[in-house]
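What you see is a predicted model; the values in this text were computed from it and never measured.
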Amino acid sequence: MRLRTIRFPFQSLLLLFLTLQCAQAALPLDVRGAPTLAPMLAHVTPAVVNISVVTRSPMEDNPLFRDPLFRRFFNIPERPSREEQSAGSGVIVDRARGYVLTNNHVINNAQEVVVTLKDRRTFKARLVGTDPGTDIAVLKIEAADLSELPFGDSDTMNVGDFVVAIGNPFGIGQTVTSGIVSALGRTGLGIEGYEDFIQTDASINPGNSGGALVNLSGELIGINTAILGPSGSSVGIGFAVPSNMVRSVMEQIIRYGEVRRGRVGVVTQDMSHELAQSLAAGSANGAVVVKVEPDSPAAKAGLRPRDIVTAVNGKPVRGSADLRNRMGLIPVGEEAVLQVQRSGKATTLRLRIAELYTMTEIPGEAVPQLAGVRVSNIEPGMPQYGTVEGAIVTRINKTSPGAKTGLRPGDVLYAVNRRRVHSVTELLASLREAERPLRIFLLRGDSRLTLTIR
């Protein structure tokens with residue numbers, strides 16, 4: 001009896017609180033006077049779609065299996081089947097032009113992409129472009145009578161704001177879950193190359209990738225991308241790419257077919273309370289300039305070591321990763337306006353993004369154990385500079401044994417047989433001393449790979 005007596009007024013107070021909150025947010029009430037998201041979801045959910053992909057079987061990609069004598073000898077069918085599998089979710093953001101947003105990992109290596117609407121219409125999608133660094137892909141479908149989800153301003157979100165995640169978990173069909181914003185600006189998780197995640201406890205599961213995270217006004221404030229959980233399912237820690245980042249990426253993909261990231265020529269670190277005191281900074285926010293590459297865009301703009309970058313194009317900078325994210329979304333040739341604190345005084349600098357160095361400009365050093373492969377230290381101006389240490393592959397002779405190893409120009413070699421290397425000198429020394437088979441650990445784009453050479 002006591003439990004019932006205590007529980008009833010608590011539930012009543014909770015319902016009253018939610019009702020007052022929803023009334024203040026102008027949310028509708030159902031016939032019983034209780035708050036409901038149903039009208040908002042009725043408008044939003046038709047813009048969230050299911051993404052299916054058609055992939056080739058390993059047989060079709062193996063040259064041996066394309067040999068009719070080989071196939072006949074091993075009694076392999078002449079036409080191996082192709083599998084269609086439900087891969088994830090997507091969001092229609094432009095009904096007139098048929099643009100659909102999803103995750104790069106959802107459609108990566110797909111031979112064919114099929115978009116299924118909530119009304120069960122299906123359309124083959126054309127890939128406009130992808131950005132593995134943010135895990136965003138843009139698709140295009142030719143269809144009439146589409147719904148679209150308007151972009152919201154993710155920079156206005158606060159921890160504690162209510163959000164709704166919409167997607168197709170486990171392929172069971174469109175599903176809606178709710179929660180709050182648990183954290184903002186999550187970085188350093190090793191999920192993507194450019195991280196500025198919205199963390200939410202709205203349930204996100206496999207199949208939700210590429211789906212929508214919306215606010216209570218029915219605006220898109222994120223693309224659901226990843227979860228952390230011991231079993232691969234939701235434990236209340238999910239991540240979404242913020243809508244402002246998504247929109248910038250999408251605009252560049254539509255315009256150029258890719259995100260045209262350029263060169264800045266600066267190394268920064270996060271602010272700390274100790275640094276803030278020594279640099280006479282007003283707060284612990286911002287990115288502290290550690291090194292400026294000579295004759296780089298940063299040097300030409302007037303940036304100096306110990307400068308504190310506090311904002312880019314009017315948007316506050318929380319730390320070093322935040323600065324990298326914001327600069328990484330400004331196309332080559334465009335200008336960024338930096339708010340900088342120097343010796344306790346505020347100043348404004350203008351920085352024009354330059355093109356990246358290309359591998360062909362760097363001769364590199366030969367690697368005896370990898371005939372035909374040349375490597376170089378990661379120098380200022382390279383996109384990997386300041387983010388990873390190792391030796392970068394600059395050239396590979398296509399007719400050499402090194403070409404058969406699977407290495408590619410741009411690969412960063414960072415360990416040999418689990419021995420960490422930070423430079424060309426350390427790489428060459430490790431290769432000389434290592435026993436076969438060689439296990440080379442490398443970073444290719446945003447993926448970590450292991451290469452075994454016997």
Side-chain angles (χ1 to χ4, degrees), residues 58 61-64 105 108-109 132-133 135 187-195 228 261 263-270 290-294 296 305 320-321 324 328 356-454:
D61 292 327
N62 191 320
L64 288 176
H105 75 262
N108 192 32
N109 297 323
D135 197 22
T187 61
L189 303 175
I191 300 173
E192 310 300 345
Y194 291 83
E195 298 182 349
L228 287 183
R261 292 189 174 90
R263 180 166 61 99
V264 175
V266 66
V267 178
T268 62
Q269 71 176 65
D270 289 338
V290 176
K291 184 178 180 180
V292 178
E293 177 193 346
S296 66
S320 185
R324 179 173 177 263
L356 294 172
Y357 291 144
T358 61
M359 293 296 103
T360 56
E361 297 173 353
I362 305 168
E365 189 168 343
V367 183
Q369 293 80 3
L370 305 171
V373 176
R374 287 184 172 272
V375 296
S376 166
N377 290 322
I378 301 174
E379 303 290 348
M382 295 182 182
Q384 300 88 348
Y385 185 72
T387 63
V388 64
E389 292 182 329
I392 188 167
V393 177
T394 57
R395 294 183 184 182
I396 299 179
N397 186 333
K398 294 181 179 180
T399 61
S400 69
K404 299 177 183 178
T405 62
L407 287 171
R408 301 177 188 174
D411 287 348
V412 177
L413 314 183
Y414 64 88
V416 176
N417 289 0
R418 298 192 178 277
R419 178 180 173 182
R420 188 75 169 86
V421 298
H422 302 84
S423 65
V424 170
T425 301
E426 292 184 11
L427 173 69
L428 297 179
S430 294
L431 288 172
R432 282 195 303 269
E433 299 167 6
E435 297 181 357
R436 299 272 178 165
L438 296 175
R439 295 189 68 199
I440 298 178
F441 297 82
L442 62 96
L443 184 68
R444 177 176 296 162
D446 301 312
S447 301
R448 295 184 183 272
L449 308 174
T450 303
L451 192 66
T452 302
I453 301 175
R454 301 187 182 277

Fill in: From CA spacing to verdict: side-chain contact (heavy atoms from CB on, under 4.5 Å), L370, I440
CA-CA 11 Å; L370 305 171; I440 298 178; 4.1 Å; yes
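Every residue two or more places apart in sequence or in another chain that forms a side chain to side chain contact (heavy atoms under 4.5 Å, CB included) with P368 is listed here: L428.
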Give the table of side-chain donor-acceptor pairs shorter than 3.5 Å for residues 413-421, with sequence neighbours excluded, one pair per line with atom names and distance.
{"unit_1": "N417", "atom_1": "OD1", "unit_2": "R439", "atom_2": "N", "d": "2.6"}
{"unit_1": "N417", "atom_1": "ND2", "unit_2": "E435", "atom_2": "O", "d": "3.2"}
{"unit_1": "R419", "atom_1": "NE", "unit_2": "S430", "atom_2": "OG", "d": "3.4"}
{"unit_1": "R419", "atom_1": "NH1", "unit_2": "E433", "atom_2": "OE1", "d": "2.6"}
{"unit_1": "R420", "atom_1": "NH1", "unit_2": "E389", "atom_2": "O", "d": "3.1"}
{"unit_1": "R420", "atom_1": "NH1", "unit_2": "Y414", "atom_2": "O", "d": "2.9"}
{"unit_1": "R420", "atom_1": "NH2", "unit_2": "E389", "atom_2": "O", "d": "3.3"}

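The minimum heavy-atom distance between I453 and R436, with the atom names listed, is CG2-NH1, 3.4 Å. The two residues V375 and T394 make their nearest non-hydrogen contact at N-OG1, 4.1 Å. Shown here for A391 and L427, the closest heavy-atom pair between the two residues is CB-CD2, 3.7 Å. Scanning both residues, D270 and S320, for their nearest heavy atoms gives OD1-N, 2.7 Å.
Side chains of V292 and P305 form a contact here, defined as non-hydrogen atoms less than 4.5 Å apart.
Formation of a donor-acceptor pair under 3.5 Å by the N377 side chain with backbone atoms of V424 is found in this model.
Of the candidates I392, D411, V412, L442 forms a side chain to side chain contact (heavy atoms under 4.5 Å, CB included) with just one, namely D411.
Among residue pairs with one or both ends in residues 365-374, none qualify as side-chain hydrogen bond (donor to acceptor under 3.5 Å, both in side chains); sequence neighbours excluded.
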